[in-house]
Amino acid sequence: MKNLTKTLCAVAIAMFAMPQQADAQFFKKLKEAAANVVKETITGETATESNSTATTKAPAMNFVTGTSGVSVGNPASKHFDVEFVEAIGNAASNTVTITLKATSKDLNYNDVTMGKWNVKAYDGDGNEYECSGFSDKKNMPAGIPVKFELAKIAKVPATVTMFSLVYVDYIVDINGIRSYDNDLSTFIQLKNVPITWQ
């Protein structure tokens, strides 16, 4: 009888201890989740299940205005710099070709694309223009500026002298340093792009 009583007591103690431990685990996970939400809101980082950090698909966008007056927003600025070079319009074909210059900060990258699949431009009247065709892949050695001619933007009347906003897709590293088709906030953004017509 004593053994049965001891066993029942041990089972009762274990039953009361288990929910408390589960509650403690629950509150620990809740605290970690709340900390991650705050961290994501402040720094643009998110935690995975293993609590390692990775950049979100939509980091905060900082715009840098160059000497041309074009403001460039680069969501991957910790990996590479981007500068606006020119936007040349072809009046005969009603296309505009934008050229950017990119410089890798730390690593050499192969098969880099900018403006290959998705380039969207908006003029001051709210008209949207898209690219036709594709751009080429290039290598981007660390510290060396490389010019990227984006896919041509089609059906642009020669009366449009400036794009108010241009979105440019890119793939520098397929595993993470790239834009995502359904999230324009991950694209390189250009504001106040003057067009030189020829």
Side-chain angles (χ1 to χ4, degrees), residues 36 39-88 95-122 128-154 156 163-195:
N36 290 336
K39 186 176 185 179
E40 181 176 347
T41 303
I42 293 172
T43 65
E45 293 184 352
T46 183
T48 62
E49 287 293 319
S50 65
N51 290 331
S52 66
T53 58
T55 56
T56 63
K57 287 170 49 172
M61 185 76 70
N62 292 323
F63 285 86
V64 176
T65 303
T67 56
S68 63
V70 175
S71 298
V72 178
N74 178 8
S77 60
K78 70 179 184 179
H79 302 289
F80 63 92
D81 292 322
V82 177
E83 296 175 50
F84 170 78
V85 176
E86 63 184 2
I88 303 296
T95 59
V96 176
T97 303
I98 296 175
T99 303
L100 301 179
K101 186 167 39 175
T103 308
S104 171
K105 291 188 174 180
D106 298 321
L107 300 173
N108 297 324
Y109 296 105
N110 296 323
D111 298 330
V112 175
T113 64
M114 289 197 185
K116 181 175 179 89
W117 310 103
N118 201 343
V119 180
K120 291 184 184 293
Y122 298 87
E128 180 181 89
Y129 308 95
E130 295 186 352
C131 65
S132 64
F134 303 104
S135 63
D136 295 329
K137 292 180 178 180
K138 293 193 174 183
N139 294 331
M140 196 161 66
I144 306 296
V146 177
K147 286 186 178 178
F148 289 88
E149 190 174 279
L150 311 182
K152 294 183 186 319
I153 302 170
V156 182
F163 289 133
S164 298
L165 179 63
V166 179
Y167 289 106
V168 179
D169 70 335
Y170 63 93
I171 299 175
V172 174
D173 177 2
I174 194 74
N175 296 318
I177 307 171
R178 58 171 298 176
S179 58
Y180 294 89
D181 288 342
N182 297 323
D183 189 354
L184 288 177
S185 66
T186 64
F187 282 43
I188 295 168
Q189 297 178 33
L190 311 171
K191 292 183 178 179
N192 304 319
V193 178
I195 302 170

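Every value quoted in this text rests on a predicted model; they were computed, and no experiment measured them.
- Side-chain contact between Leu107 and Tyr109 is present, with at least one heavy-atom pair separated by less than 4.5 Å.
- Annotation: the span from Asn118 atom CG to Ser179 atom OG amounts to 7.5 Å, rounded to 0.5 Å.
- Here the shortest heavy-atom pairing between Ala151 and Gly133 reads CB-O, 3.7 Å.
- Aromatic ring centres of Tyr170 and Phe148 lie farther apart than the 6.0 Å criterion allows.
- Across all their heavy atoms, Ala121 and Ile153 have their closest contact at CB-CD1, 4.0 Å.
- Taking 4.5 Å as the limit, some side-chain heavy atom of Leu150 sits within range of a side-chain heavy atom of Leu100.
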Let me check something: any side-chain donor-acceptor pairs from residues 135-143 under 3.5 Å, sequence neighbours excluded? List them with distances.
unit_1: Ser135; atom_1: OG; unit_2: Met114; atom_2: O; d: 3.2
unit_1: Ser135; atom_1: OG; unit_2: Gly115; atom_2: O; d: 3.4
unit_1: Ser135; atom_1: OG; unit_2: Lys116; atom_2: N; d: 3.3
unit_1: Lys138; atom_1: NZ; unit_2: Lys147; atom_2: O; d: 2.6
unit_1: Asn139; atom_1: OD1; unit_2: Asp111; atom_2: N; d: 3.3

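- Separating the OH atom in Tyr167 from the CG atom in Leu190 is a distance of 11.0 Å, to the nearest 0.5 Å.
- A 4.5 Å side-chain heavy-atom check between Lys105 and Lys78 finds every atom pair outside the cut-off.
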Intermediate values then yes/no, side chain to side chain contact (heavy atoms under 4.5 Å, CB included), Tyr180 and Asp169: CA-CA 8 Å; Tyr180 294 89; Asp169 70 335; over 6 Å; no
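- Residues forming a side chain to side chain donor-acceptor pair (under 3.5 Å) with Lys152 (at least two apart in sequence, or on another chain): Thr97.
- The side-chain heavy atoms of Val166 and Gln189, taken from C-beta on, include no pair separated by under 4.5 Å.
- Residues Ala87 and Pro194 share a closest heavy-atom pair of CB-O, 3.4 Å.
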Full working for side chain to side chain contact (heavy atoms under 4.5 Å, CB included) between Val96 and Ile88: CA-CA 5 Å; Val96 176; Ile88 303 296; over 6 Å; no
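- Using bins of under 30°, 30° to 60° and over 60° for the plane-to-plane angle, the ring pair Phe163/Tyr129 lands in the tilted bin.
- In Glu86, the CD atom is crowded: over 12 heavy atoms of neighbouring residues, nucleotides or ligands sit closer than 6.0 Å.
- Among all heavy-atom pairs drawn from Gly73 and Pro75, the shortest one is O-CD, 3.7 Å.
- The existence of a salt bridge linking Arg178 and Asp173 is excluded, since no basic side-chain nitrogen approaches an acidic carboxylate oxygen closer than 4.0 Å.
- Nearest heavy atoms, Ala154 versus Thr95: CA-CG2, 4.3 Å.
- Note that CD1 of Ile144 and NZ of Lys101 are 11.5 Å apart. Values are rounded to the nearest 0.5 Å.
- Nearest heavy atoms, Ser71 versus Thr65: OG-OG1, 2.8 Å.
- In this structure, Phe80 and Val172 have side chains that are in contact, with non-hydrogen atoms separated by less than 4.5 Å.
- Looking at heavy atoms from C-beta onward, Val70 lies out of side-chain contact with Asn192 at the 4.5 angstrom threshold.
- Remark: Lys191 qualifies as a cation-pi partner of Phe63 under the 6.0 Å distance and 45° angle criteria applied to the six-membered ring.
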